[in-house]
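Working notes, beginning with the structure itself.
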Amino acid sequence: MGLTNATADQIVLWVVVPYVTFAVLVVGSIWRYRYDKFGWTTRSSELYEKRLLRWGSPMFHFGLLFVVLGHFLGLVIPKSWTEAVGISEPQYHFVATWMGSIAALVAVAGLLILIYRRRATGPVFLATTKTDKLMYVFLAGSLLSGAWATVQTQVIASGHGYDYRETISPWFRSLWYLQPEPALMAGVPAAFQVHITVAMLLFALWPFTRLVHAFSAPVQYPFRPYVVYRSREASVTSRAPRPGWDPTSTPPR
Amino acid sequence: MKVMAQMSMVMNLDKCIGCHTCSVTCKQAWTNRTGTEYVWFNNVETRPGLGYPRTYEDQDTWQGGWVRTKRGKLKLRAGGRAKKLASIFANPKLPSIHDYYEPWTYEYDMLLSAPAGEHTPVAKPKSLLTGDDMSIQWSANWDDDLGGSTATMQDDPILKHMSEHVAEELEQTFMFYLPRICEHCLNPSCVASCPSGAMYKRVEDGIVLVDQDQCRGWRMCVTGCPYKKVYFNHKTGKAEKCTLCYPRIEVGLPTVCSETCVGRLRYLGLVLYDADKVGAAAATEAEEDLLAAQRAVFLDPNDPEVVAAARREGIPDDWITAAQRSPIWKLIHDYEVALPLHPEYRTLPMVWYIPPLSPVVDVVASSGNDGEDGRTLFAAISQLRIPLEYLAGLFTAGDTGPVERVLRRLAAMRSGMREVNLGREFPEEHAAAVGMTGDQVQEMYRLLAIAKYEERYVIPTAHTEVARELEEMACSLDFEGGPGMGGSGPFGTSSGQPTPVAVENFHALAARQTADSPHTPSSPSRVNLLNWDGRGRPSGLFPPDDGGGQDAGGPGTLPGGRQDATNEEPGGFEGSAR
Ligand code: HEM
Ligand code: SF4
Ligand code: SF4
């Protein structure tokens with residue numbers, strides 16, 4: 001196994017591209033954070049328009065949260081584990097397909113509302129940057145191709161549908177073990193191959209778009225005191241203090 | 001006891017002439033940028049009126065500030081942490097731009113450059129959001145001087161709250177101006193609402209600020225503030241608010257709004273308070289008791305125990321002295337004439353107001369009586385329920401008692417000082433009737449009427465035994481992303497590294513000379529002379545020269561030998577290292 005029985009295309013597409021994507025995502029995000037903390041924001045457009053956003057944004061985000069959760073269960077948790085706790089493949093398949101489809105439907109509907117809103121509301125459209133547009137192409141591409149792959153291989157297809165937990169999931173995990181097995185991807189339906197490729201491009205684009213806001217989801221909010229105090233000292237300069245500029249004080253005894 | 005110092009403000013409403021100078025100078029200093037066109041850190045409202053943003057005081061709608069739960073704990077009115085996070089994707093209580101107003105400009109250029117024609121050229125209003133023609137519907141002070149208020153006044157949240165007889169008697173209209181800035185609250189609900197912890201209260205002087213590098217645009221603070229004094233910059237996607245002009249305060253200068261106030265009605269100074277008592281005071285059960293509760297949080301700077309405790313907390317001696325001389329402390333504590341705006345929001349606001357006696361005086365004078373006679377004024381104060389109740393709705397959660405006491409003190413001062421001006425003794429019985437001595441009233445008169453700059457603004461400088469900000473002066477141009485940046489960064493407006501002030505100013509100057517309006521001017525060669533400060537030579541200052549040469553050629557020179565960059569896009573900075 002490993003790389004020996006894989007073709008060159010497979011190695012490029014299922015080993016090189018994922019690792020490059022990962023590197024761009026990590027290095028890009030660190031660079032963006034250091035270079036551009038000020039630009040790291042949702043750039044909310046709610047001030048301009050509320051009516052459509054009130055539906056579109058929660059539908060998209062909540063739908064997406066469940067989709068992400070589903071991806072975690074499907075890709076990260078090995079089949080043997082779910083079977084060990086007594087969940088059979090048909091059971092898993094049924095739940096995953098239906099829950100996944102509903103979540104995807106909500107997310108896609110939300111996304112369509114958001115895109116329509118971006119285009120149709122004057123001030124929102126004016127506030128849309130080129131990067132936003134590019135991001136939306138890949139975001140919509142990933143969502144729609146993923147939804148299509150599910151519909152085509154799981155819903156329409158006869159029988160129990162395609163068992164990606166025998167191919168895609170082990171391949172995905174193999175990347176993390178640093179023992180990539182691109183050959184696993186050989187027989188995967190084209191719809192999934194397209195979905196994964198577009199998603200990888202989206203991740204490579206991620207650090208350079210507004211999507212970085214997802215990384216600063218305010219998970220710490222419930223755990224901090226309500227009112228935050230800060231000393232003026234810390235923010236006195238835009239530059240880090242340099243050696244030799246310590247304030248005068250009596251030496252410690 | 002944990003002693004903390006708070007820089008605070010008192011405004012004497014009787015002296016406000018509603019000129020909006022404070023708003024304009026504040027806007028020029030802080031919010032004359034794209035993304036903040038609709039933002040007024042300082043605004044002046046005519047009351048009764050809807051305020052800015054419209055009906056912001058109606059907390060049933062906007063859900064700002066805190067509420068006390070049945071178990072006596074404080075909760076954000078818009079919902080606790082879990083609810084905040086659950087509604088983060090679309091904040092249901094965020095005012096939309098139309099609740100403020102759609103910002104606009106006029107196509108002034110048409111007045112100068114319209115081709116000869118049959119009709120006089122007009123400057124059409126253009127939306128600053130879309131650049132399209134627009135019909136102006138509302139603004140930050142649309143009902144100024146009660147203009148058009150027969151159509152809108154019934155929506156004033158304070159009037160709505162008052163008893164029904166008010167509506168009928170509204171014909172005897174009274175009015176006054178209410179200038180507003182951020183309250184720099186002791187218990188700020190904006191800070192509490194910020195999911196990313198980007199908003200904070202400064203330990204040293206209590207100024208409430210937004211860390212622009214940490215704000216992630218969740219826009220919860222806008223909802224959290226019951227005074228709607230946090231604004232969302234729609235271009236940068238970050239929250240911005242009144243900074244109490246901290247760069248000025250730090251060097252001992254008053255805020256821009258105070259400095260330029262035509263009525264000289266603003267006072268700035270320190271108040272010491274006990275931070276340990278803030279939570280309990282804000283959770284006081286009855287809303288009418290909140291005023292007393294907040295007063296009880298303050299500490300007397302002349303009390304030796306307080307001074308010792310302040311020293312232990314590391315408050316420098318010159319700050320303690322400043323707190324002892326503070327005009328704010330005198331107005332709040334010694335004379336007890338200043339009241340907080342909407343204590344019922346439970347944020348413990350720290351910009352206080354001396355309620356206006358003028359509505360009462362106006363009624364007395366217009367009915368042919370003597371508006372400076374003590375007894376007439378006292379009688380009028382207790383009879384004129386509507387102004388009294390209205391003021392109570394603003395300053396004391398509806399309790400007319402404290403408002404009445406303040407107005408009586410002001411009336412005693414007014415009538416007593418007339419006697420003094422006529423060469424008679426100060427009538428002690430007037431002072432005694434309001435629980436003061438004649439000397440005290442005259443001292444108060446001095447502070448309210450003739451106090452000079454140094455007495456109105458007692459501002460200790462920040463302690464900066466650190467010289468590192470001076471670094472910026474040393475070499476302002478050799479930083480990353482150097483000159484030639486400015487305006488729009490790679491990831492949207494102003495993204496990228498912070499720009500040193502020197503460079504930012506340079507670009508602002510260049511941009512100001514050439515920028516005119518957000519929509520394409522009808523003749524690109526025009527320069528807005530109103531924006532031109534006489535330095536450099538903006539392109540288009542002279543008509544295009546077809547022969548070539550002259551105008552397209554050499555850039556003008558700024559004083560100091562710097563080349564200006566106005567003939568090209570900002571970016572051509574000759575002589576820089578890059
Ligand atoms: C749990 C973490 C997340 C939080 C708290 C969050 C929150 C937000 C908020 C507050 C907005 C601004 C909405 C507005 O007022 O205009 C927004 C916009 C957006 N978010 Fe998220 N988000 C999260 C995760 C994500 C993820 C994972 C994605 C995509 C993969 C995403 C994609 C978007 C997009 C595309 C927009 C722009 C919507 C538009 O205005 O067209 N978000 N998000
Ligand atoms: S008035 Fe100022 S400090 Fe108080 S809640 Fe509003 S923004 Fe915060
Ligand atoms: S500048 Fe002074 S007098 Fe004029 S509106 Fe502002 S507070 Fe009132």
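Below, chain A is the first sequence line, B the second, and so on; all start at residue 1. Excluded from the calculations below are hydrogen atoms, water molecules and symmetry mates; all remaining heavy atoms, backbone and side chain alike, are included.
Per-residue counts of heavy-atom pairs under 4.5 Å with chain B were compared for A:P123, A:S44, A:G122; the largest is that of A:S44. When the candidates B:G206, B:C215, B:P195 are compared by the number of heavy-atom contacts under 4.5 Å with chain A, B:P195 comes out ahead. The choice from B:N91, B:I207, B:D99, B:L85 that makes the most heavy-atom pairs within less than 4.5 Å of chain A is B:N91. For chain A, the option among B:I88, B:D205, B:L76 with the highest count of heavy-atom pairs below 4.5 Å is B:L76. Top candidate by heavy-atom pairs under 4.5 Å with chain A, chosen from B:L74, B:V208, B:V278, B:L129, is B:L129.
If you check the side chains of A:E49 and B:S96, you find no donor sitting under 3.5 Å from an acceptor. Using modelled atom types, one finds no donor on one side chain facing an acceptor on the other under 3.5 Å when comparing B:T236 with B:R33. Between the side chains of B:S127 and B:E102, a donor-acceptor pair is found at a separation under 3.5 Å.
Annotation: A:F22, atom CZ; neighbour count of heavy atoms from other residues, nucleotides and ligands within 6.0 Å does not exceed 12. In this structure, A:M135 places its CE atom where more than 12 heavy-atom neighbours from other residues, nucleotides or ligands lie under 6.0 Å away.
Using cut-offs of 30° and 60° for the angle between ring planes, the A:W40 and A:Y33 rings count as perpendicular.
Heavy-atom distances place no part of B:Y246 under 4.5 Å from chain A, backbone and side chain included. For chain A, the nearby parts of B:P92 are the backbone and the side chain; heavy atoms of each come within less than 4.5 Å. Residue A:F215: no heavy atom, backbone or side chain, is found under 4.5 Å from chain B. For A:E46, the parts lying under 4.5 angstrom from a heavy atom of chain B are both the backbone and the side chain. In this structure, chain A has a heavy atom under 4.5 Å from the backbone of B:A198, while its side chain stays farther away. Proximity to chain A (any heavy atom under 4.5 Å) is restricted, for B:A86, to the backbone atoms N, CA, C and O. Heavy atoms closer than 4.5 Å to chain B are found in the side chain of A:L126, but not in its backbone. With a threshold of 4.5 angstrom between heavy atoms, B:M4 approaches chain A through side-chain atoms but not through N, CA, C or O.
Applying the side-chain contact (heavy atoms from CB on, under 4.5 Å) rule to B:R248 yields the partners B:C245, B:L253, B:P254, B:V256, B:E259; only residues at least two apart in sequence or on another chain are considered.
Between B:D132 and B:K126 there is no salt bridge, since none of the side-chain N atoms of the basic residue sits less than 4.0 Å from a carboxylate O of the acidic one.
Seen from the ring of B:Y101, B:R54 does not count as a face-on cation partner, given the 6.0 Å and 45° thresholds.
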